[in-house]
Novice: 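Got a structure for you, questions after.
Every heavy atom of this structure was used, including side-chain atoms; hydrogens, water molecules and symmetry mates were not.
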Amino acid sequence: MDFQLSDDQRALRSGMRDLLDAVFDRDRMRAAVERGGTLDRSLWRELGAAGFFALRLPEEAGGVGLGLPEAVLLFEEAGRALLPGPLVATHLAAGLVKGAAEGEAVVTAVDGDLPVAHLAEADVVLVGADALVGEPLRAFVAAARPVRSMDPLTPLHRTGAAGTAGVGAAGVATGPAGARAVAGPAGARAATERTTAHTERIRFEGALLTAAEQLGSAARTTETAVQHAGTREQFGSPIGSFQAVKHLCADMLARTEPARAAVYAAAVTGDPVEIAAAKLLADEAAVRNARDCLQIHGGMGFTWEADVHLHLKRAWLRSAARLGGAAAEELLAAGLGAVRPHPGSSAAPGRGAPEAGGGG
């Protein structure tokens, strides 16, 4: 099987990079930082017009008709550019939430007990398979409280259990595409199964797209570190000529490329276990590469004027979101199947690994 990108995929990635260079350059990124991460609605609509959110919708539904591998390429570029906003949630809501595909609606999502990103600006909030709109959304936002975010481009709100009390009431689209359960036990059971399958699919696709953003950030910090090492001089020589700096740069590349292979492969297979592995590798690459990039920049890397710290802070947030480390590790361990006990051990023969998230 050939995992090399096709010419069309390369053109798609190049086109998205050119678009982001034009509509979200460093000046605009810094302007977003200064206004506290408030979303630029015009930028959101430009992304919608470019097909960023409707990429995987069928052409007859107004989409581009491409697949998950192509979506991964776009989200990799978004991560590379530090593009702010609930990109994953809005992309996943395209075709289900009115205006999401066109970039007219901003959609965010509840991810377990984590703070919700860009809640105050959201037109729709996804809670599992449900979408909060109208009065339930306003009540949900009113019950939330802002919390300090480590990433200046990602405002956060902490929500309580009471915030989801309106789910299933008026103003809530229930289930995939707002479908209500068919009357009768059999219809209700079938609808529940469809909703569960849809929620799981969305969960893992969201994790993979987040991993793609982490991959883009890891690649960007690697490029930034190598560029700085080649131009910054100490003792009359570029710091990149020093062995310690060479090793740091080499380690960054050695983390990025396996993560890239894992993310691309998981996009092709869609396997939950492979997605978990890709998320773990991409999280590690994004966080550790940003830290090493900061180290290579020395004292200036810690300053507000440098962009390195923005990649590190965003990487920290993403690593906890959408299949965070512990959940991904549990899923990966469960996917290994039955473990053969060593001779003399007390493990029961043929006993499988515990269910993901089951603990113990």
Novice: Taking E34 first and then R30, would you say they form a salt bridge - that is, a charged N and a carboxylate O separated by under 4.0 Å?
Specialist: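 Salt bridge flag = no for R30 with E34.
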Novice: Taking salt bridge (Lys or Arg N to Asp or Glu O under 4.0 Å) as the cut-off, I'd like each qualifying pair that reaches into residues 235-245, sequence neighbours left out, listed once.
Specialist: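 Output for this query is empty, none listed.
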Novice: Aromatic rings H309 and W304: how do their planes relate, parallel, tilted or perpendicular, breaks at 30° and 60°?
Specialist: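 Tilted, since the angle between the ring planes falls between 30° and 60°.
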Novice: Could you pull out the closest heavy-atom pair between L57 and A101, with the gap in Å?
Specialist: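 Where L57 meets A101 most closely, the heavy atoms are CD1-CB, 3.8 Å.
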Novice: Side-chain donor-acceptor pairs under 3.5 Å in residues 246-254, sequence neighbours left out?
Specialist:
none

Novice: Where the side chain of S241 meets the backbone of S237, is there a donor-acceptor pair that is under 3.5 Å apart?
Specialist: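 No: the side chain of S241 does not pair with the backbone of S237.
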Novice: To check you understand the geometry: which heavy-atom pair defines the closest contact between L5 and R10, and what is its length?
Specialist: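 Nearest heavy atoms, L5 then R10: O-NE, 3.5 Å.
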Novice: Report, as yes or no, whether the 6.0 Å neighbourhood of atom CZ on R13 holds more than 12 heavy atoms from other residues, nucleotides or ligands.
Specialist: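 Yes, because the 6.0 Å sphere around CZ of R13 holds more than 12 heavy atoms from other groups.
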Novice: Please check: side-chain N/O of N289 versus main-chain N/O of T221, any donor-acceptor pairing under 3.5 Å?
Specialist: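 A pair under 3.5 Å: no.
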Novice: Start with the C-alpha gap between V147 and R145, add the side-chain angles, then the distance that decides, and say whether side chain to side chain contact (heavy atoms under 4.5 Å, CB included) holds.
Specialist: CA-CA 6 Å; V147 294; R145 59 181 176 85; 3.4 Å; yes
Novice: Measure from the side-chain N and O atoms of S6 to the backbone N and O of Q9, and report whether any donor-acceptor pair falls under 3.5 Å.
Specialist: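 Present.
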Novice: Donor-acceptor pair, E76 side chain versus E213 backbone, under 3.5 Å?
Specialist: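 Not confirmed, E76 side chain does not pair with E213 backbone.
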Novice: Measure from the side-chain N and O atoms of T108 to the backbone N and O of V125, and report whether any donor-acceptor pair falls under 3.5 Å.
Specialist: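 Absent.
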Novice: Could you tabulate the donor-acceptor pairs under 3.5 Å formed by side-chain atoms of residues 77-89, not counting sequence neighbours?
Specialist:
from, atom 1, to, atom 2, distance (Å)
E77, OE1, R17, NE, 2.8
E77, OE2, R17, NH2, 3.0
R80, NH2, E223, OE1, 3.0

Novice: Between K279 and D283, is there a side-chain N and carboxylate O pair less than 4.0 Å apart?
Specialist: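 Here K279 pairs with D283 in a salt bridge, since their nearest N and O are under 4.0 Å apart.
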Novice: Might you confirm whether atom NZ of K98 has over 12 heavy atoms from other residues, nucleotides or ligands at distances under 6.0 Å?
Specialist: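 12 or below, so no.
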Novice: May I ask you to decide whether R26 forms a salt bridge with D307, counting only side-chain N to carboxylate O separations under 4.0 Å?
Specialist: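 Yes, R26 and D307 are salt-bridged.
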Novice: Can you name the closest pair of heavy atoms from L156 and L317 and give their distance?
Specialist: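 It is CD1-CD2, 4.3 Å.
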Novice: Quick one: closest heavy-atom pair of S319 and Q214, and the distance?
Specialist: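 Taking S319 first and Q214 second, the nearest heavy atoms are N-NE2, 3.5 Å.
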Novice: Which distance, rounded to the nearest 0.5 Å, do you find between the CZ of R35 and the CG of L153?
Specialist: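 Here the interatomic distance stands at 8.5 Å.
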Novice: Should the pair F52 and H91 be assigned to parallel (<30°), tilted (30 to 60°) or perpendicular (>60°) ring geometry?
Specialist: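 Taking H91 first and then F52, their aromatic rings stand perpendicular (interplane angle over 60°).
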Novice: Test R56 against L92 for side chain to side chain contact (heavy atoms under 4.5 Å, CB included), laying out the working first.
Specialist: CA-CA 9 Å; R56 295 191 294 145; L92 294 175; 3.5 Å; yes
Novice: Please tell me if the side chains of V33 and L310 come closer than 4.5 Å, counting only heavy atoms from C-beta onward.
Specialist: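 Touching, per the 4.5 Å side-chain cut-off.
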Novice: In terms of hydrophobic clusters joined by side-chain contacts under 4.5 Å, are L281 and L331 together?
Specialist: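 Not linked; separate clusters.
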Novice: Can you check whether Q227's main-chain N or O pairs, donor with acceptor, with T231's side chain at less than 3.5 Å?
Specialist: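 Yes; at least one donor-acceptor contact below 3.5 Å.
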Novice: Counting distance only, does the side-chain N/O of R288 pair as donor-acceptor with the main-chain N or O of R255 below 3.5 Å?
Specialist: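 Side chain of R288 to backbone of R255, a donor-acceptor pair under 3.5 Å: no, none is there.
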Novice: Sub-3.5 Å donor-acceptor pair from the side chain of H297 to the main-chain atoms of C293, do we have one?
Specialist: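 Checking the backbone N and O of C293 against the side chain of H297, a donor-acceptor pair under 3.5 Å is found.
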Novice: Any chance you could lay out the side chain to side chain contact (heavy atoms under 4.5 Å, CB included) test for V106 and R41, step after step, and finish with the verdict?
Specialist: CA-CA 9 Å; V106 175; R41 290 280 182 156; 3.5 Å; yes
Novice: Of the options D25, L43, L47, which is the one that meets L20 in a side-chain contact (heavy atoms from CB on, under 4.5 Å)?
Specialist: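 Of all the options given, the one that passes is L47.
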Novice: Has E121 got a side-chain atom pairing as donor or acceptor with H118's backbone, closer than 3.5 angstrom?
Specialist: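 No, the answer is negative, given that no donor and acceptor are paired below the 3.5 Å cut-off.
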Novice: Looking only at heavy atoms, what is the nearest atom pair of A50 and L19, with distance?
Specialist: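 Between these two residues, the closest heavy atoms are CB-CD2, 3.6 Å.
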Novice: Rounded at 0.5 Å granularity, tell me how far CG in L12 sits from CG in L73.
Specialist: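 Reported to 0.5 Å precision, the distance equals 6.0 Å.
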Novice: Using 0.5 Å steps for rounding, measure from the CZ atom of R314 to the CG atom of D151.
Specialist: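 So the gap between those two atoms works out to 4.5 Å.
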Novice: For D271 and E274, indicate whether the former's side chain and the latter's backbone hold a donor-acceptor pair under 3.5 Å.
Specialist: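 Yes: the side chain of D271 pairs with the backbone of E274.
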Novice: Say you draw a straight line from CH2 of W44 to CZ of F53; how long is it, rounded to the nearest 0.5 Å?
Specialist: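 W44 CH2 to F53 CZ: 4.0 Å, rounded to 0.5 Å.
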Novice: For the residue pair L323 and A207, what are the closest heavy atoms and their distance?
Specialist: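 In this case the closest contact between L323 and A207 is CB-CB, 3.8 Å.
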